[in-house]
Amino acid sequence: MSAATLPHEPRATLAMERWEARRRWARAGIVYVVMLLFSLLFLGPLLFAALSSLKTDPLAYPPRIAIPQLSPANWAAAARLGRAGARASLWGGFAPGADVPFELTYFVPDGTEAAPPTVTVPRRRPGGGLGAVQSVRYAADHAAVVPPREVGREAGSATVRGEQVAGTFVTYRVRVRYVGDGPTLDHLPIDAEAPSRTQAFVRSTLPPTRLERLGLVASYDNVAPGVLGYVFNNYRRVFEEARSVTTGRSLFLSWTASSFIIAIAKVLSTLLFASMAGYALARLRFPGRGVIFVLVLFAQMIPVQVIFISNYLVLKGGIFGLSRLWGQATLLNSLTGVVLSGLVGAGAVFIMKQFFESIPREIEEAAMIDGTNQWQRFSRVVLPMARPALGALTILTFQGAWNDFFWPLVVLTTPEDIKTLPIGLLTFRNVYGTTGDWGLILAGAVMSALPIIVLFVVFQRYFLEGVSYGGTKE
Amino acid sequence: MGMRRREFAAAYLFLAPFLVTLGIFFLFATARAVYFSFTNYDLFNAPTWVGLRNYAELFRDDLFLTALRNSLVFAAVVTTVQTFGALVMAAVLNQRIRGLDFFRAAFYMPSITSSVVITLIFLWMYQRRGLFNYLGTQFLAYLPLLGVFLLAVALLQAAQVLYERSRRLPARWGDPALLVVSLLVAAGITWALVFYGVIAPREVRPVDFVWLQTRREVPGAFPGFLRAPVPLLAIMLQNVFTTIPTFMLMFLAALQDVPAAHYEAASLDGATPVQQFFYITIPAVQPVTFLVVTLGLIGTLQMFDQVAIFGNAVPLKSVITLAYFVYNRMFPGAQLPEVGFASAAAMFLAALTLVIVLLQRLFIRSEGRR
């Protein structure tokens, strides 16, 4: 383009400037749109999974974003029903004195007679899988159904098999009462069977969990859920249904505890030992320093598949019988084993060494004149200055330990209680994935990711610094 | 003298916890793995020396050869795609704009969550009635609309550029300001055509692509050794999804150090964005590319988690990798562990990783010097 000739023509220059300005604005706009699209691409699967974890069946086809669990009308109904069931609008339940009203609306085409549905409280086990061994108390043993009564009638029309049909919408109210005294139950399931297929189910106080027998039976897993019990049903199931065969404790809670214990212990040991070793390598002069540094580099290159074979055997023998000192014959299936074998990694030592080399020596030399010993200089002078590096190391170590899959998979196998979250989720996947019960798996996955996501949102800076240390591998 | 001895003692006291861990869990472990790889050992009977037989056996074991092929295909495809994808994304995003931190955080989210969580979510999306097949169905259904939209964008853009050029303004074919107008008008046209019923989404049968329980290999037209099993492809897709953001951020950090003047000068000389990408961006991030390729190769050659989590949802042969092969021989369920054989496979994996990383180092370095 003849850019050189333009300045001689003032109007052309003006047009050119406007042209350039317009271009810059448009470019910024396009960049933002592209960034939003990328964000959608990378966050999409996570967000969609989190949303679907609320659904009764996350595999329902076609997948929808507008789900009943997100409708405020349903929240209000669930809270009301929870209050009626156990005076608990949040988590609901079925307690003595309960009187739960539930309305169902059917469409009755003209020419047929409306009849109330048959409502029963089924003896249905809440879920199978890992919870199948627990003894369950059934709401059916304590509930009495007051027969449905017509409470409303409205003329209208509906589409039946592709045809517009005139008829009446008839609403029935059924009451489920708690008879006598007894325990508070978590769930109150009901089945409502329509008298015939011509009388079609339209809606109810809460949407049915599923429609069975070609729409004849509207089945509800819980008609007194409370608002949280309704929205986060899968999350509640994660804690309540998966229980240990031996202790009866919630597996997911045990796994979370294991994960936290291992991650926190590893963070503490790594911070202390890596800064000690890094300090020695960066500051002190001693024979063997070069060799040790080469070993640090070498250890980072060894794949875990090479070392896990021997490490497994070492833990099996309790680190050469050392664990017998505190009464453990083997360190397999023990959190101590996982922690002891990963007290401090070569990568962490490398990071701390690099950091200490960047601190000026003079500060320490001043302390040396004051007559402090080596440990005091390290702990009182150098360590407080290492806060940024220690922050990044904390995040990296915690994330590495929390997400670690391979080593816990090798060490922690039985009982189920001892596992960490990642391998616990593998158990979920093996037990519930085969039956297609993805609600529970997704809810577990979302919850296990939460601590890291919270950590990331709060300490984003350290995570991004971690990238500059060369990847986030432990 | 006393001073030096004190420093010596202090150093080893400071290093003691690390040296003990390193000694037992790395050095001893590595040495033992080397030793085991020359023996026949099943954990119950004492190891017997067999020399190189385990290594020879490896290449007669069908499952090992499958694992080797899978690992190599996986590493080659994923490393290439993720490096190139991350670089292109970084180049697109290399703008000094407000709110970059928010976007960086958003992109980084898949990388911080554990491989288990991501794999479970993808496994769910790969179900036959899952999200991937649904999106495929929607894409096919809306294909006519998309075609009309793209055609309209192209025509509008061409018309505008020609008009601006007739006014002697230096309009490029991809000029952003004109593109915004083209996109908006084309969207309006498409919407109007749908509204008046000229075009409509097609009725298509739901896509029922089997991602998991299949022995199919793609692309079918390729010779056998270049194909990848469909389930392995599923893992590749997932892996690229989680690693691209991390590597993109590494590239982005490097790109932000490239003076903007370089791009401006090139732009004045009439270099297109694509030319700028090849002649400025790629040379500028050479050291980061080296790091990204190295980390990518190490990560992909040692891929394990995804195989273990996909588990019985896919045929083992189509996804098994070297890392999983080692684990599988060490803990073969009902059979006796083959510790020696597993160790030989592990040593092979370590050597392979080292050789490939060194090879790419030679390659990238020489590329850089040219």
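Proteins come first, then strands; the chains are lettered A, B, ... in the order of their sequence lines, and each starts at number 1.
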Contacting moiety of B:Ala345, where chain A heavy atoms sit under 4.5 Å: neither
Quick one, A:Met276 and A:Trp375 - any side-chain contact, counting heavy atoms below 4.5 Å? yes
Is the shortest heavy-atom distance from the side chain of A:Leu295 to the side chain of B:Phe26 under 4.5 Å? no
If the plane angle is over 60° it's perpendicular, under 30° parallel, otherwise tilted; pick one for B:Tyr134 and A:Tyr61. perpendicular
Out of A:Leu425, A:Leu455, A:Val446, which one racks up the most heavy-atom pairs below 4.5 Å with chain B? A:Leu425
Which region of A:Leu313, side chain (C-beta onward) or backbone (N, CA, C, O), has a non-hydrogen atom less than 4.5 Å from a non-hydrogen atom of chain B, or is it both or neither? both
Mind ranking A:Ala346, A:Pro58, A:Ser448 by heavy-atom pairs under 4.5 Å with chain B and telling me who comes out on top? A:Pro58
Given heavy-atom pairs under 4.5 angstrom as the criterion, report whether the side chain, backbone, both or neither of B:Glu164 touches chain A. side chain
Part of B:Phe247 within contact of chain A (heavy atom distance under 4.5 Å): neither
Taking side chain as everything from C-beta outward and backbone as N, CA, C, O, which of these in B:Tyr12 sits under 4.5 Å from a heavy atom of chain A? Side chain, backbone, both or neither. side chain
Whatever's closer than 4.5 Å to a heavy atom in chain A on B:Arg32 counts as side chain
Which one, B:Trp124, B:Phe18, B:Phe122, B:Phe103, leads in non-hydrogen pairs under 4.5 Å with chain A? B:Trp124
Heavy-atom proximity to chain B below 4.5 Å, by part of A:Leu59: both
Name the region of B:Arg98, side chain, backbone, both or neither, that has any atom closer than 4.5 Å to a heavy atom of chain A. both
Would you mind telling me which of A:Leu421, A:Val296, A:Leu46 has the largest number of heavy-atom pairs within less than 4.5 Å of chain B? A:Leu46
So, taking the atom named CD1 in B:Ile118 and the one named CG in A:Asn403, what distance separates them when rounded to the nearest 0.5 Å? 9.5 Å
Heavy-atom contact with chain A under 4.5 Å, split by part of B:Asp175: side chain
Could you look at B:Ile244 and say if it's the side chain, the backbone, both or neither that has a heavy atom under 4.5 Å from chain A? side chain
Could you walk me through whether B:Phe304 and B:Tyr324 pass the ring-ring contact (aromatic ring centres under 6.0 Å, His included) check? CA-CA 6 Å; B:Phe304 171 86; B:Tyr324 194 82; 5.5 Å; yes
May I ask you to check whether B:Tyr126 and B:Phe132 place their ring centers less than 6.0 Å from one another? yes
Identify which part of B:Met109 has an atom lying under 4.5 Å from any heavy atom of chain A, answering side chain, backbone, both or neither. both
Given heavy-atom pairs under 4.5 angstrom as the criterion, report whether the side chain, backbone, both or neither of B:Phe331 touches chain A. side chain
Closest-packed option against chain B by number of heavy-atom pairs under 4.5 Å, given A:Asn430, A:Leu409, A:Val34: A:Leu409
Out of B:Val34, B:Val180, B:Ile121, which one racks up the most heavy-atom pairs below 4.5 Å with chain A? B:Ile121
Taking side chain as C-beta onward, heavy atoms only, is B:Gln127 less than 4.5 Å from A:Trp438? yes
Indicate the ring-plane relationship of A:Phe42 and B:Phe241, choosing parallel, tilted or perpendicular according to the 30° and 60° boundaries. tilted
Does any heavy atom of chain A fall under 4.5 Å from the side chain of B:Phe310, the backbone, both, or neither of them? backbone
Does any heavy atom of chain A fall under 4.5 Å from the side chain of B:Leu22, the backbone, both, or neither of them? side chain
Examine whether an atom of B:Thr21 lies under 4.5 Å from a heavy atom of chain A, and if so say whether it belongs to the side chain, the backbone or both; otherwise answer neither. side chain
Per-residue contact mode, A:Phe298 against chain B (heavy atom under 4.5 angstrom): side chain
Hey, are the side chains of B:Ser114 and A:Ile452 touching, using non-hydrogen atoms and a 4.5 Å cut-off? no
Pick one of side chain, backbone, both or neither for B:Ala350, based on which atoms fall under 4.5 Å of a heavy atom in chain A. both
Any idea which of A:Gln374, A:Arg24, A:Arg285, A:Arg429 has the most non-hydrogen atom pairs under 4.5 angstrom with chain B? A:Arg429
For the candidates A:Val349, A:Ile302, A:Thr434, A:Leu41, which exhibits the highest count of non-hydrogen atom pairs separated by less than 4.5 Å from chain B? A:Val349
